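Below you'll find the structure, written out as structure tokens, and then a few comments.
Both counts, for ligands and for their atoms, begin at 1 and track the order of listing. Note that the structure is predicted; figures quoted are calculated from it, not measured.
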Amino acid sequence: MADHDYDLFVIGAGSGGVRAARVAAMSGAKVGVAEEHRVGGTCVIRGCVPKKFMVYASEYAKHFETARGYGWEVGETRFDWSRFLVEKDKEIARLSGIYVRNLQNAGAELFHGKARLKDRHVIELEGKGEVTAGKVLVATGGRPWMPRELPGVELAITSNEAFHLPELPKRIVIAGGGYIALEFAGIFNGLGVETTVVHRGPNVLRGFDDDIRAHIAEEMEQAGVRILLGTQHTRLEKTATGILNTFDNGHSCESDVVMFALGREPYTAGLGLENAGVDLAANGAVKVDGFSRSSVDNIWAVGDVTDRINLTPVAIREGEAFARTEFHNTPMSFDHEMVASAVFTQPQIGSVGLSEADARHRHGKVDVYLSKFRPMKETFYGGHQRALIKLVVEQGSERILGCHVVAPDAGEIIQMAAIALKMGVTKPQWDSTCAVHPTLAEELVTMREKYTPPALGQVA
Ligand code: NDP
């Protein structure tokens, strides 16, 4: 290692790269990090964090309505998009600064600019020449995928631009039925934008439990989002008054902004990985083993660039496991089972473990416990939002295989449920936990009746 400029060179200062660089540097290793955009990566700069601020901002529409129901006189309300953007950008700059300082405090050296591998040890730094490293970590994340062949695609934005729109549109069409499409649909709808989601599938959020998928689509429609299923764009055209969206079902509509949220792709283009002989999957993801090691024995990759579970906390754990293994003599691999996630729709979704369909497929017979209800906060003022709570339990072992919640703060609720599921909790153990009253989450531990779906034609 002494033969190289750095013991470790990290390409990409997002969640995974920064954690790995800091932990490695704390061992006394000489660590370099290159970042071509801003330190913090997708999560901090153009993902989770600014998205959550936008969710908070957009939720006030409902809060004002609820407040009236609870006896408050709420006068005229008005949202100032420009002011919000200034405040949001200030906070993002502050957080990015913390990331920079954390790297520096750990002793890592930060380079601004693109890094490219010339071979397995030599890294070319844009405008700064070459450096060599004993070990290399690729943590470049992902970027929005666009259907480049679609006529008029250049008129559409991605989530990257949605954080900086010069003004709030009156009408937006969002293509896609995944996390990003639905979260932004909730945001724009809450901010008063006429919002349409267009998704090719029969229901949104493929991969989630079917009851959750159906429920969130109903709740979003109830809140005012128009959801068009089973169709997709065939073209976009500029008109005098906006953008004309044409779909493959023959329908069309006009909007001021079109946002595509059709998935993200690993960002490996232009990194020179081929010069080092690193094997990539067909979608460009770096192929890695359980210890995040690539096909080249001194090159590792963590986070979205490996396209395993594309979530910030997963990237952080993968980065940490890599650094502990390679620089602290503590072999660790991250366990990708039972990783919970939240979708910041309105209401939110929190989910951990298997959907009912996946549980039946993998484990055979399962019991389902399901409760769909209007929380007391809603019933008080005649609000319509309904919560849904579902447990999927393996017959015989009674182990809870999946827990799914659609409710305000479902993200907070599922974090706690995830601990129990990760520990292998059984339904009797779960039920022995006393309820916290009066809460929405108490429903989780009070479901005793097995659920049988209503027969076709019956109303649930
Ligand atoms: P997702 O994979 O969640 O969703 C992509 C959507 O686009 C799906 O509905 C998919 O449909 C649709 N789609 C894909 N290709 C096409 C196509 N060629 N034509 C039409 N529709 C298409 O991706 P996102 O971009 O929403 O998010 C990327 C990832 O980022 C997420 O999977 C998640 O891991 C992460 N993320 C996590 C968040 C969180 O934790 N809260 C928030 C935001 C992102 P189909 O289902 O039919 O394939």
Considering non-hydrogen atoms of the protein only, which is the closest contact for atom 31 (C) of ligand 1, and what is the distance? Tyr179 CD1, 3.5 Å
Any N/O pair Ala342/ligand 1 closer than 3.5 Å: yes
May I ask you to establish whether Lys427 and Tyr369 are in a cation-pi arrangement, using a distance under 6.0 Å from NZ or CZ to the six-membered ring centre and at most 45° from the ring axis? yes
Using a 3.5 Å cut-off on N or O atoms only, is Gly263 in polar contact with ligand 1? yes
Any N or O on Ile180 sitting closer than 3.5 Å to an N or O of ligand 1? yes
Here the side-chain hydrogen bond (donor to acceptor under 3.5 Å, both in side chains) pairs for residues 142-154, sequence neighbours left out, are Arg148-Glu265
Is a side-chain donor-acceptor pair under 3.5 Å present for Glu356 with Tyr451? no
Given His199, Gln232, Glu265, Gln348, which one has a non-hydrogen atom that is nearest to atom 10 (C) of ligand 1? His199
Look at atom NE2 of His336 and say whether more than 12 heavy atoms of other residues, nucleotides or ligands are closer to it than 6.0 Å. yes
What residue and heavy atom of the protein are closest to atom 14 (C) of ligand 1, and at what distance? Leu262 O, 3.2 Å
Residue selection (non-hydrogen contact nearest atom 40 (O) of ligand 1) among Val198, Leu311, Leu205: Leu311
Should you measure from each heavy atom of Trp145, which atoms of ligand 1 turn up under 4.0 Å away? 18 (N)
Give the residue and atom name of whichever protein heavy atom lies nearest to atom 1 (P) of ligand 1, and the separation in Å to one decimal. Gly178 CA, 4.1 Å
Which protein heavy atom lies closest to atom 9 (O) of ligand 1, and at what distance to 0.1 Å? Gly177 N, 2.9 Å
Please evaluate residues Asn310 and Arg264 with respect to the criterion side-chain contact (heavy atoms from CB on, under 4.5 Å), reporting the C-alpha separation (whole Å), side-chain torsions for both, the decisive distance (0.1 Å), and the verdict. CA-CA 9 Å; Asn310 298 330; Arg264 295 173 61 85; over 6 Å; no
Below 4.0 angstrom from a heavy atom of Lys51, which ligand 1 atoms are there? Numbered from 1 as shown, please. 41 (N), 42 (C)
Under the 6.0 Å and 45° cation-pi test, does Lys135 pair with Phe327? yes
Go through the steps to decide whether Ser292 and Glu318 satisfy the test side-chain hydrogen bond (donor to acceptor under 3.5 Å, both in side chains), and finish with yes or no. CA-CA 7 Å; Ser292 297; Glu318 290 169 354; 5.1 Å; no
Between Glu378 and Lys62, is a salt bridge (charged side-chain N to carboxylate O under 4.0 Å, His left out) present by the stated rule, with each step listed? CA-CA 11 Å; Glu378 292 290 302; Lys62 184 162 167 55; 3.0 Å; yes
Starting from atom 29 (C) of ligand 1, what is the nearest protein heavy atom, named by residue and atom, and what distance separates them? Arg264 CD, 4.4 Å
Applying a 4.0 Å heavy-atom criterion (strictly less than), which segment of Ala261 is in contact with ligand 1: side chain, backbone, both, or neither? backbone
Looking only at protein heavy atoms, which one is nearest to atom 42 (C) of ligand 1, and what is the separation? Glu183 OE1, 3.2 Å
Any N or O of Arg206 that comes nearer than 3.5 Å to an N or O of ligand 1? yes
Could you pull out, from Arg308, Arg200, Glu149, the option with a heavy atom nearest to atom 47 (O) of ligand 1? Arg200
Min N/O separation Phe344 to ligand 1 under 3.5 Å: no
Side-chain donor-acceptor pairs under 3.5 Å in residues 14-25, sequence neighbours left out?
residue	atom	partner	partner atom	Å
Arg19	NH1	Glu320	OE1	2.5

Can you list the steps and then say if Asp209 with Ser351 is a side-chain hydrogen bond (donor to acceptor under 3.5 Å, both in side chains)? CA-CA 9 Å; Asp209 185 272; Ser351 184; over 6 Å; no
Would Phe163 and Phe184 count as a close aromatic pair, with their ring centres under 6.0 Å? yes
N/O to N/O below 3.5 Å, does that happen between Asn310 and ligand 1? yes
